[in-house]
Protein chains: 2
Amino acid sequence: MRDRAIPEATVARLPLYLRSLVEMAERNVHTVSSEQLAEAAGVNSAKVRKDLSYLGSYGTRGVGYDVEYLIYQVRRELGLEQAWPVVIVGIGNLGRALANYDGFEERGFRVAAVVDADLAKVGEPIGPLAVEHVDDLERIVKEHGIAIGVIATPAAAAQEVCDRLVAAGVSAILNFAPALLQVPTGVSLRKVDLSTELQILSFHEQRRAAVDLVRQQVAAQRPRQRAGRDGG
Amino acid sequence: MRDRAIPEATVARLPLYLRSLVEMAERNVHTVSSEQLAEAAGVNSAKVRKDLSYLGSYGTRGVGYDVEYLIYQVRRELGLEQAWPVVIVGIGNLGRALANYDGFEERGFRVAAVVDADLAKVGEPIGPLAVEHVDDLERIVKEHGIAIGVIATPAAAAQEVCDRLVAAGVSAILNFAPALLQVPTGVSLRKVDLSTELQILSFHEQRRAAVDLVRQQVAAQRPRQRAGRDGG
DNA sequence: ATATGTGAAAAGGTTCACAGCA
DNA sequence: TGCTGTGAACCTTTTCACATAT
């Protein structure tokens, strides 16, 4: 063990474990088994053990994991010991919602600035902040030591905003615009795409409908005593 | 080919291809090679070909794919020939933003109703709709033939809302609340978790910082002529 | 007695590389 | 000639199953 390279799939699950662990700590649970954590996080216990083993040997055989200590270790691994300052670019419906979302503050992030290209919006108060102009990005990023940018602009503006963020020194970007962004190597990029998610659901929904239809047809045929060859 | 079971990973990419294809159609591009589509969607071309081959043999060797026809086929596979009616539950910052998001309408979904548990919000206009009460979910779902529910409530309310949606007959759920939802088999569930995404970025950011630190140290040591063993 | 940590096997996904076809 | 469609190789991720530790 101690390969010093945590698989991406594991990294993506650490926030899930962290959330479950924090809930447990709030309920004064001090020890947790991989089985219990798996249940809480909705995965299987072998996965929990393997994932946690990448962080180190923090469990006790026959006992389980100390909740507080595991929270500490997962936070450390995720780089959440500090609260990262974040800039949100694009103050439309979504940007405004994100800026006002309490979850960020609660989970290790601080909205340090909100920015828009529309001069009419500059100065508008968003919680304790005021909207600043996108042209000031470089100064804003430097001033607040911002490392993470959130893009909530229309798709057409997203790449330019992305380029500006990168030029200003931001090296992690979360993109909500339905557009494919190009970033230089060394910059990490993730995207959240609402319509993609819905379209994936649509696929399964439509498939379910198709299956139901076949079932109905089969049911309708049965009384008429049509022979064999049942669909798998 | 024609295995009649499209891998989940492929399903998740179809919306991406669809978006690129629609953009091409708008630019009056009539034919596309796997190489070009790969470029547009940010994946590699073998993947595009394999993914599309699960839908059928819709390309022409030596030529490429007909854009319009491929759009038709991808839409059909994703079940996007109809506009699915969607209900949004939880009209806070995020729910309001989602309800007003044009992207849904543009991509095969129709916000048919918006719902909240807070009586003070009932009747409030959201675009062309008015907020209805969550107790009326069953009627609303039946009335509009809603198959997809979007949960934008606080985490604490999410499971109850989810149960109510399922009881009302909804069989696909998109969850924005930072909570693990339990659904019966046969109901599809996807989640969008903003802070999880940020935490994954944080991991990479922190790792980058660590690497930079090592680089700095190495650079600082070099002038002092410390010997060998350079970090990979 | 009980639950971790981990090799090994299985499953799933990606990429290569080229035969096959327009 | 040029690009698709796809077996085969490769890599990643998941799951199994058990030796190991308390």
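Convention: sequence-line order gives letters A, B, ...; per-chain numbering from 1.
Residue B:Tyr65 places at least one side-chain N or O closer than 4.0 Å to OP1 or OP2 of D:dG5.
The ring of A:Tyr58 has its center no closer than 6.0 angstrom to the ring center of A:Tyr65.
Between A:Leu52 atom CG and C:dT6 atom P the separation is 12 Å, expressed in whole Å. Counting to the nearest Å, the C1' atom of C:dT4 and the CG atom of A:Leu70 are 12 Å from each other. Across the protein-nucleic acid pair, B:Arg13 atom CZ and C:dG13 atom P stand 9 Å apart, rounded to whole Å. Straight-line distance from the CD atom of A:Gln73 to the P atom of C:dG5: 12 Å, rounded to whole Å. Rounded to whole Å, atom C1' of C:dT14 lies 10 Å from atom OH of B:Tyr54.
Put simply, the side chain of B:Glu68 does not reach to within 4.5 Å of the side chain of B:Gln73, judged on heavy atoms. Counting heavy atoms from C-beta outward, B:Asn175 and B:Val192 have side chains that stay 4.5 Å or more apart. The closest side-chain heavy-atom distance from A:Val43 to A:Val48 is below 4.5 Å.
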Check your understanding: Could you go step by step and tell me if A:Glu81 and A:Arg75 meet the salt bridge (charged side-chain N to carboxylate O under 4.0 Å, His left out) rule?
Key -> CA-CA 6 Å; A:Glu81 289 182 293; A:Arg75 281 229 173 93; over 6 Å; no

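Of the candidate nucleotides D:dT6, D:dT14, C:dG5, D:dT14 has the atom nearest to the side chain of A:Lys47.
The heavy-atom pair separating B:Leu14 from B:Val74 by the smallest distance is O-CG1, 3.9 Å. The two residues A:Val166 and A:Pro184 make their nearest non-hydrogen contact at CG1-CG, 3.7 Å. Between A:Gln199 and B:Leu78, the closest heavy-atom pair is O-CD2, 3.8 Å.
Listed for the B:Glu197 side chain is no donor-acceptor partner under 3.5 Å among the backbone atoms of A:Arg190.
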Exercise for review: Using a 4.0 Å heavy-atom cut-off, write out nucleotides 16-22 of chain D from 5' to 3' as B (base contacted by protein), S (sugar-phosphate only) or - (no contact).
Suggested key: BB-BBBB

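Using a 4.0 Å cutoff on non-hydrogen atoms, the parts of residues 30-38 of chain A near DNA chain C are A:Ser33, A:Ser34, ordered by number. DNA chain C lies under 4.0 Å from no heavy atom of any residue of residues 195-206 of chain B.
Side-chain polar atoms of B:Thr196 and A:Arg107 form no donor-acceptor pair below 3.5 angstrom.
A salt bridge links A:Glu160 with A:Arg164: at least one charged nitrogen is closer than 4.0 Å to a carboxylate oxygen.
The residue among B:Asp51 and A:Pro7 whose nearest nucleotide of DNA chain D is located toward the 5' end is B:Asp51.
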